[in-house]
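In listed order, ligands and their atoms are each counted from 1.
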Amino acid sequence: MGASSTRNQKKSLAIVAQAEEVRAELTQLDADTLRQRARDSLGNQAELLAVLGEIAHRTLGFEPFAVQLQGVLRLIDGDVVHMATGEGKTLVGAMAAAAFGLQGKRVHMITVNDYLARRDAQWMGPMVEFLGLSVGWINADMPAEQRREAYRCDVVYGPVNEIGFDVLRDRQVTDPSALVQAPADVALIDEADSVLVDEALVPLVLAGSQPGSAPTGRITDVVRGLKEDEDFEVSEDRRTVFLNEEGADKVEAALGISSLYDDEHVGSTLVQVNLALHARALLIRDIHYLVRDGKVQLIDASRGRVADLQRWPDGLQAAVEAKEGLAVTEGGRILDTITIQALMGRYPMLCGMTGTAVEATDQLHQFYGLGVSVIERHRPLQRFDEADRIYATVAEKNAAIVQEIAAVHATGQPVLVGTHDVAESEGLAEALAERGIEVNVLNAKNDAEEARIIAEAGDLGRVTVSTQMAGRGTDIRLGGADEADHDQVATLGGLAVIGTARHRSSRLDNQLRGRAGRQGDPGLSVFFVSLEDDVVVSGGSGEQITAHPDPDTGMINQKRVHDFIGHCQRVTEGQLLEIHSQTWKYNKLLTDQREIIDERRQRLLEEPDYAWQDLAKRASDRAAELADLPEEIRWQAAREIMLFHLDDSWAEHLELMDDVRESIHLRAIAKETPLDEFHRIAVREFKELVQRAVDEAVESFKKVTIDHEGAHLADAGRARPSATWTYMVSDNPLAGSGNSVLKGIGAIFR
Ligand code: ADP
């Protein structure tokens, strides 16, 4: 399922073989002739590949391998190609982008961070530009003008979140000239499984300044008095908390209300109770956040960074502040959001590349209709993947990890340790330091710095400790980035990768293993597992397994136990898939509704007098009063009024539906199906939204002062936020922390 057919693969191989025949005669051609051959080659893939190969050689100094050409073909056909780390996907992607460019299609090259967007655009630029195509890139710190210019290029490299934030910001403009993005035909996604699967449901959020509503101290106090298991229950993975009937009774009694589940309380009191409970039970000080200088600072579990200006969504931030007895800061208002899955759904065509596509075949097929093409390695894999080393307890496991690192390090072989969160990284680094082993811990504040450290991870005698996401997309060469000690390190066995626990999906294990053994290098990978690990507890859900540890080493080495660990991981994989499809069901409806709003928004923006005509029809007296004003002023005033109320209604809708969603699993105890209930409310509210936006616009049109300077919306209390900022909310269950933790994205004020 979802795997591209063998027939396609065979066809690609034949074309690559043909291309290699054409290739020889091209070396003599001058640049103009070569360019012309490229343009003429559109119907002939073999010719196209040969020409691109020659251009890559001239401009970048790379002679593409046959497997790379094969990858290019499969990308052009719209597959996700499975190519291992270090096989040269950057070149493959750029050649495919050039091919799309020649077809007159604009391509967004989606990267996982700023650093890679800039690096790849600069590195690959000469090849694309040789063809007379333009290349640009997007970075977080770029001003609008620079972004606009970049988006006009034929090939645009950009991090997925920035591209999404620009979509969100473009959906707030009131003047077409303020739009930043230009439509694109293709998204070509690097690290495709990370973006399309792991981060698919991460919402990108645009928020605007607005005084927030603090949760009451009373509710915080009441919730503080509740007891786990007696009044509320926390799921085994500690990601969800439920108030039970007993707890609900206590809260109702303390607040003096008859039922939290009455319509009057569901949207307000119940939400606040739920937030306070979330803050109380799921978010733990020093694991999920720190308290410094009287402020709550978030710890990003997946990347393990403390970044400035990170907040939990609206009420949750206030709830944690209240729990810690801190001053509750003013909240922002969420203006708009988009999930990465919905963002990718906007492109007419998707394709991508990653070292772990096969493992994501089902998801890529189910959620995007994408096929997977496996491309063989240029040189055979020389990495040895050792069987798991299993221990009964985390303590025994950790001791064994430290011992193993010390033993490997003593030989001079470089070690890369993959941990699951920052606390673990730091604990490990400390333990190693006690033994006199110096460690590079990846907790850099920026991607470029991370890339630099990870690039050196293959250096002789180096020990690097990194969380899952750190330094993605950067090649680890043996003997250091300059490969000075390559042969010596190779003799020692290459890079040794040690995982401190199996991930919830084997795909993530493989992402880590893939760091070693690039391009035929020797390498080693091994995972340490304890029967107390999250994956085992959550995947084994209560199953007891009797193990017989070796009395000397504490290691458990029965086949039965190895199989059990594999079984637990398959269960957690199934859970993740289920969470994904469930969450998407909630998102899908809002995504469709947003599209309807978008169409209307675009019409208001594109047709200069559309808003004016509409309002004039509904309030002809007022229109007559304004008849003396110049046409453009009247039109723009009407447009701003219409757009203000459309956007305002949408933000309100999002807020309401967010509350409904927060409380819906609490309603579930009142025996209603949450998803149906959610859909019913969303459809009902949306119908009213559109009408309300128009009615309110008519009211404003009548009331607001409109003169030669335009509509004075702010004076009438209808100002757009004076500042906006963007962030990502990680609902990513892989992050393994309480949900709704913000990712390390700095704020951008406009
Ligand atoms: P990936 O993204 O697949 O992990 P990269 O694109 O970072 O790999 O490339 C890995 C390394 O291989 C780079 O240092 C690049 O210079 C090199 N490389 C790529 N293609 C070729 C080629 N055809 N010939 C020689 N070296 C290549």
Any Lys/Arg nitrogen of Arg23 or Glu63 sitting under 4.0 Å from an Asp/Glu carboxylate oxygen of the other?
yes
For Glu386, what residues pass the salt bridge (charged side-chain N to carboxylate O under 4.0 Å, His left out) criterion, not counting sequence neighbours?
Arg389
Per-pair distances, ligand 1 N/O vs protein N/O, less than 3.5 Å:
| residue | atom | partner | partner atom | Å |
| --- | --- | --- | --- | --- |
| ligand 1 | 3 (O) | Glu87 | N | 3.4 |
| ligand 1 | 3 (O) | Gly88 | N | 3.1 |
| ligand 1 | 3 (O) | Lys89 | N | 2.9 |
| ligand 1 | 3 (O) | Lys89 | NZ | 3.0 |
| ligand 1 | 4 (O) | Gly86 | N | 2.6 |
| ligand 1 | 6 (O) | Lys89 | N | 3.4 |
| ligand 1 | 6 (O) | Thr90 | N | 3.0 |
| ligand 1 | 6 (O) | Thr90 | OG1 | 2.5 |
| ligand 1 | 8 (O) | Gly88 | N | 3.2 |
| ligand 1 | 12 (O) | Gln519 | NE2 | 3.4 |
| ligand 1 | 14 (O) | Arg477 | NH2 | 2.4 |
| ligand 1 | 20 (N) | Gln68 | NE2 | 3.0 |
| ligand 1 | 23 (N) | Glu63 | O | 2.9 |
| ligand 1 | 23 (N) | Gln68 | OE1 | 2.9 |

With a 6.0 Å cut-off on the ring centroids, do His57 and Phe62 count as close?
no
Under 6.0 Å between ring centres: does that hold for Tyr151 and His108?
yes
Arg74 bridged to Asp77 by N-O distance under 4.0 Å:
yes
Between the side chains of Glu87 and Arg379, is the shortest nitrogen-to-carboxylate-oxygen separation below 4.0 Å, so that they form an ion pair?
no
